[in-house]
Amino acid sequence: MIDFHCHLDLYPDPAAVAAKAHERAVTVLSVTTTPSAFQGTSALADGRPTIRTAIGLHPELAAHRSHELPMFDSLLPTTDYVGEVGLDGSARFAETRDAQLDVFNHILRACADAGGRILSIHSRGAAQPTIEALKRSPGAGTPVLHWFTGTPRQLESAVDLGCWFSVGTPMFQTSKGRGLVSRMPLDRILTETDGPFTQTNQAVAHPWHVRRALALLAELWETSTTATEARISENFRKLNRT
Ligand code: MN
């Protein structure tokens, strides 16, 4: 199973979650929210090749942590993955929109200069500006839009741009979300939990709970969980060859 967006470092006992995820053979993209969290979080992947660590600067923190961009640049050569990065258009972060965009543009440029990366991207309430920023930075690498909540038309633009998508259980809770997932190309979808910020059956989601997203995806695709899991694993292998 693949959990392509999980904040391992934000669980109360990150080492225990990392060990259990590895034990259960769950491949995890361990995203970070600040460059200063990257090295400590990378240590969770030591001896656990199923865990990949991404360097990120979350849009909610971007304005106050922009001084960490030089650290982002210096650590970028050490990983193939970038996230969580992107833009947040919520009213709560309205005052930081310009700063968020500056940080995101810097990150996309750095990724392009480094030859491209695989990026896990947040775009809540900001699908349009996120897509436009990606359009201006074609060399940044392969964008994977996490928990995408834009319109069907924005989804179409993202697909045309070559974006991938990672989907978790909350996307299946609304008909809008299910509609979006059903329009995503089958060969560009990955599963995610976004733990510990989401729940599975009223409990904090852990990487192995990604099975629930697989089951929901299987239901939507009218196929078995086994076939869906095989498809997602194949997608993940293909993504790493991009
Ligand atoms: Mn997240």
Side-chain angles (χ1 to χ4, degrees), residues 1-12 14 17-18 21 26-38 40-42 44-45 51-65 68 72 79-90 92-93 96 100 103-104 107-108 111 117-127 129-130 133-134 141-150 158 163-174 177 180-181 184 189-200 203-210 212-213 216 232 236 239:
M1 293 192 291
I2 318 281
D3 180 357
F4 199 73
H5 185 107
C6 185
H7 299 264
L8 282 185
D9 62 338
L10 301 181
Y11 288 92
V17 179
V26 184
T27 295
V28 179
L29 183 71
S30 167
V31 296
T32 53
T33 53
T34 60
S36 51
F38 179 74
T41 306
S42 291
L44 297 169
I51 301 176
R52 320 280 174 95
T53 312
I55 183 160
L57 183 42
H58 196 289
E60 293 176 10
L61 304 173
H64 302 290
R65 297 296 190 103
E68 291 190 29
F72 179 94
T79 177
D80 293 333
Y81 303 94
V82 167
E84 178 166 2
V85 297
L87 299 173
D88 191 296
S90 316
R92 196 151 68 93
F93 301 102
T96 69
Q100 290 183 44
V103 166
F104 189 42
I107 288 170
L108 294 174
C111 289
R117 289 292 184 271
I118 293 167
L119 304 101
S120 183
I121 297 175
H122 174 115
S123 60
R124 181 176 56 198
T130 302
L134 292 170
T142 309
V144 182
L145 300 179
H146 123 81
W147 197 339
F148 184 78
T149 53
C163 290
W164 287 56
F165 303 90
S166 57
V167 305
T169 57
M171 290 201 71
F172 294 89
Q173 282 161 5
T174 61
L180 288 169
V181 179
M184 293 171 182
I189 296 191
L190 298 165
T191 43
E192 67 169 35
T193 61
D194 201 11
F197 299 117
T198 59
Q199 299 204 324
T200 308
V204 171
H206 290 80
W208 46 93
H209 294 130
V210 80
R212 181 74 191 129
L216 290 166
I232 300 300
F236 179 71
L239 175 69

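In each ligand, atom 1 is the first atom listed, and ligand 1 is the first ligand listed.
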His5 backbone or side-chain N/O/S under 2.8 Å from the Mn ion (ligand 1):
yes

For the Mn ion (ligand 1), find the closest N/O/S atom on Glu84 and give its atom name.
OE1

Are Met184 and Met171 packed together at the side-chain level, in the sense that at least one heavy-atom pair is separated by less than 4.5 angstrom?
yes

Write down the atom of Leu239, the atom of Thr142, and the distance for their closest heavy-atom approach.
CD1-CG2, 3.6 Å

Backbone or side-chain N/O/S of His7 under 2.8 Å of the Mn ion (ligand 1):
yes

Does any N or O in the side chain of His209 come within less than 3.5 Å of the main-chain N or O of His206, such that one atom is a donor and the other an acceptor?
yes

Please name the atom of Asp194, limited to N, O or S, that comes nearest to the Mn ion (ligand 1).
OD1

Return yes if some donor-acceptor pair links the side-chain N/O of His58 with the main-chain N/O of Glu60 below 3.5 Å, else return no.
yes

